Amino acid sequence: MKCLNCGYETSLDQHNITCPKCGGILEIIIELKNFTFNNLKGRGVWRYKDAIPGNYTKIVSMNEGGTPLIKTKEEGKEIYYKFEGANPTGSFKDRGMTVAVSSALNTNYKVVVAASTGNTAASAAAYAARSGLKIFLVLPKGKVALGKLAQSILYGANIIEVNGSFDVAMNSVLKMYKDLGIVYPLNSFNPWRLEGQKTIAYEIAEEIGVPDSIIVPVGNAGNIYAIWKGFKELMENGSINKIPRMIGIQAEGASPIAKAIAKGSELPVFTNNPETIATAIRIGKPVNWIKAMKAIHNSNGTALCVSDNEIIEAQKELARKEGIGAEPASAAALAGYKKALHEGIINEKEKTVLILTGHALKDPDSMLRINTKIMSLNPEEIEKNVLGEINVNN
Ligand SMILES: *Cc1c(COP(=O)(O)O)cnc(C)c1O
Ligand SMILES: [Zn+2]
């Protein structure tokens with residue numbers, strides 16, 4: 001394990017979550033031993049257990065991962081949607097949670113905590129329930145999408161709302177972890193969580209080989225790194241022969257990394273008041289920014305930002321052209337793909353995978369805001385009106 005802040009190095013130890021020396025972000029560096037795609041068993045995250053470091057005497061799993069890789073219906077194009085909304089709680093967070101919660105059990109913690117814009121909360125609550133661990137969630141008051149809050153309530157989590165943005169909630173969790181010492185943090189600064197999330201790369205590589213580019217919505221910036229790490233490990237082990245370009249997408253009002261990349265800077269342009277309708281990526285100070293920069297630079301990738309309008313249009317298009325329902329943050333991947341095409345960063349002949357991070361049902365308000373005409377009719381009026389509509393549309 002290596003600290004990305006002070007450079008401290010230590011052998012692999014599941015008790016380490018942040019740097020024991022300075023509290024910085026730790027990177028887990030592993031070499032795949034005897035890993036090949038040829039002798040894997042089962043499906044989902046734990047199919048790749050030989051690539052997941054740590055000891056797991058008890059695994060808390062709901063068969064997360066193994067999500068559909070859906071090819072676009074457009075002829076002649078190699079665009080794929082990795083639909084993470086198909087995970088047990090409806091987002092990719094489950095991939096990380098199965099590893100992190102199992103790790104918490106193996107290191108004898110009794111209490112887990114997480115700050116969240118919503119999906120980490122829903123996922124952590126479910127896996128905590130299944131493991132029997134007590135859980136505290138710290139949420140930015142009034143800023144969590146309805147479905148995600150409802151899930152956290154359903155799974156029985158202890159919920160704390162704080163005034164302020166996600167970044168304020170995150171600081172409280174970091175502080176709780178450091179001060180109390182007895183609570184296990186489930187946020188993505190926990191590198192063990194990212195070991196589960198990297199299986200997105202393993203699944204893609206196993207199913208379709210290595211794409212030219214991966215487009216990922218970026219909030220706290222753990223996932224873009226986790227996916228890159230997966231590809232990097234596979235390349236170092238000889239299972240694949242290249243790494244896809246990692247293209248991160250942020251919303252205009254919450255784009256510290258995209259702004260830095262745009263001006264050629266290594267340092268993110270943090271904001272105290274992140275704003276976007278894509279609540280899952282409404283983050284002004286991404287805790288994993290160093291990791292994201294590493295993934296982007298090493299893969300010759302980039303980061304772009306998209307407007308809320310572009311996100312809303314992309315969400316609609318994805319649903320109405322492809323039949324795929326994704327929440328706004330996930331639709332940012334499609335909005336970003338279009339921008340990357342437009343700017344000549346990628347071309348439409350390339351094999352590209354868009355990571356659709358969460359399910360549309362997470363955020364019912366975002367769907368209900370779409371203009372539509374609902375016909376309110378008496379039963380005897382229905383046929384006449386349907387005929388009328390059919391004629392109009394023909
Ligand atoms: C968590 C989340 C993201 C952002 O992932 P990071 O690892 O924080 O960058 C994007 N979309 C959805 C739906 C999420 O739940
Ligand atoms: Zn350190």
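Reckoned from all heavy atoms, side chains included, excluding hydrogens, waters and symmetry mates. Everything quoted here is computed from the prediction, not taken from an experiment.
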For the [atom1] atom on [X], are there more than 12 heavy atoms of other groups (residues, nucleotides or ligands in this structure) within a distance under 6.0 Å?
X      : atom1 : answer
Asn39  : CG    : yes
Asn378 : CG    : yes
Lys178 : NZ    : yes
Lys2   : NZ    : no
Glu31  : CD    : no
Asp179 : CG    : yes
Lys21  : NZ    : no
Lys259 : NZ    : yes

Between [X] and [Y], does at least one N-O distance fall below 4.0 Å, as a salt bridge requires?
X      : Y      : result
Glu27  : Lys291 : no
Glu322 : Lys73  : no
Arg282 : Glu275 : yes
Glu313 : Lys316 : yes
Glu195 : Lys198 : yes
Lys339 : Glu343 : no
Glu84  : Arg95  : yes

side-chain hydrogen bond (donor to acceptor under 3.5 Å, both in side chains) between Lys33 and Asn237, intermediate numbers included: CA-CA 8 Å; Lys33 293 206 183 78; Asn237 139 287; over 6 Å; no
ILVMFWY network linking Ile283 to Leu139, side-chain heavy atoms under 4.5 angstrom: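 Yes, same cluster.
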CG on Leu304 to NE2 on His342, rounded to 0.5 Å: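 The NE2 atom of His342 sits 11.5 Å away from the CG atom of Leu304.
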Reported NZ-to-CG distance for the pair Lys349 and Asp212, which is rounded to 0.5 angstrom: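 That separation rounds to 12.5 Å.
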CA sep, side-chain torsions, deciding dist, call: Lys77, Glu348, salt bridge (charged side-chain N to carboxylate O under 4.0 Å, His left out): CA-CA 7 Å; Lys77 288 196 182 161; Glu348 53 176 21; 3.4 Å; yes
Option among Thr67, Leu69, Ile208 that satisfies the side-chain contact (heavy atoms from CB on, under 4.5 Å) test with Glu203: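 It is Thr67, the one option of Thr67, Leu69, Ile208 that forms the side-chain contact (heavy atoms from CB on, under 4.5 Å) with Glu203.
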Residue that, paired with Met1, satisfies side-chain contact (heavy atoms from CB on, under 4.5 Å) out of Leu12, Ile30, Ile29: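 Per the side-chain contact (heavy atoms from CB on, under 4.5 Å) rule, the option paired with Met1 is Leu12, out of Leu12, Ile30, Ile29.
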Contacts of type side-chain contact (heavy atoms from CB on, under 4.5 Å), residue Pro88, not counting sequence neighbours: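 For Pro88, the residues satisfying side-chain contact (heavy atoms from CB on, under 4.5 Å) (neighbours in sequence not counted) are Met62, Glu64, Asp94, Tyr127.
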Taking the side chain from [X] and the backbone from [Y], do they hold a donor-acceptor pair closer than 3.5 Å?
X      : Y      : value
Ser330 : Gly358 : yes
Asp363 : Leu146 : no
Asn220 : Gly222 : no
Gln197 : Ala226 : no
Ser152 : Lys148 : yes
Arg43  : Gly66  : yes
Asn106 : Thr57  : yes
Asn391 : Leu387 : yes
Arg245 : Ile345 : yes
Ser299 : Met246 : yes

Between [Y] and [X], is there a side-chain heavy-atom distance shorter than 4.5 Å?
X      : Y      : result
Thr352 : Tyr80  : no
Ile204 : Ile214 : yes
Ile79  : Leu354 : yes

Considering all heavy atoms, the nearest [X]-[Y] contact:
X      : Y      : value
Gly118 : Val144 : CA-CG1, 3.8 Å
Ile257 : Ala221 : CD1-CB, 3.8 Å
Gly42  : Arg47  : O-NH1, 2.6 Å
Ala115 : Asn187 : O-ND2, 2.7 Å
Val287 : Met170 : CG1-CE, 3.6 Å
Glu266 : His297 : OE2-NE2, 2.9 Å

Ring-ring centroid check Phe231 Trp228, cutoff 6.0 Å: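 That pair fails the under 6.0 Å test.
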Qualifying ring-ring contact (aromatic ring centres under 6.0 Å, His included) pairs, either residue in residues 352-384, two or more places apart: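 Residue pairs passing ring-ring contact (aromatic ring centres under 6.0 Å, His included), neighbours aside: Phe83-His359.
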Sequence neighbours excluded - ring-ring contact (aromatic ring centres under 6.0 Å, His included) pairs with any residue from residues 162-217: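 The answer is Phe35-Tyr202, Tyr48-Tyr202, Tyr109-Tyr184.
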From CA spacing to verdict: side-chain hydrogen bond (donor to acceptor under 3.5 Å, both in side chains), Glu252, Ser307: CA-CA 5 Å; Glu252 262 168 15; Ser307 70; 4.9 Å; no
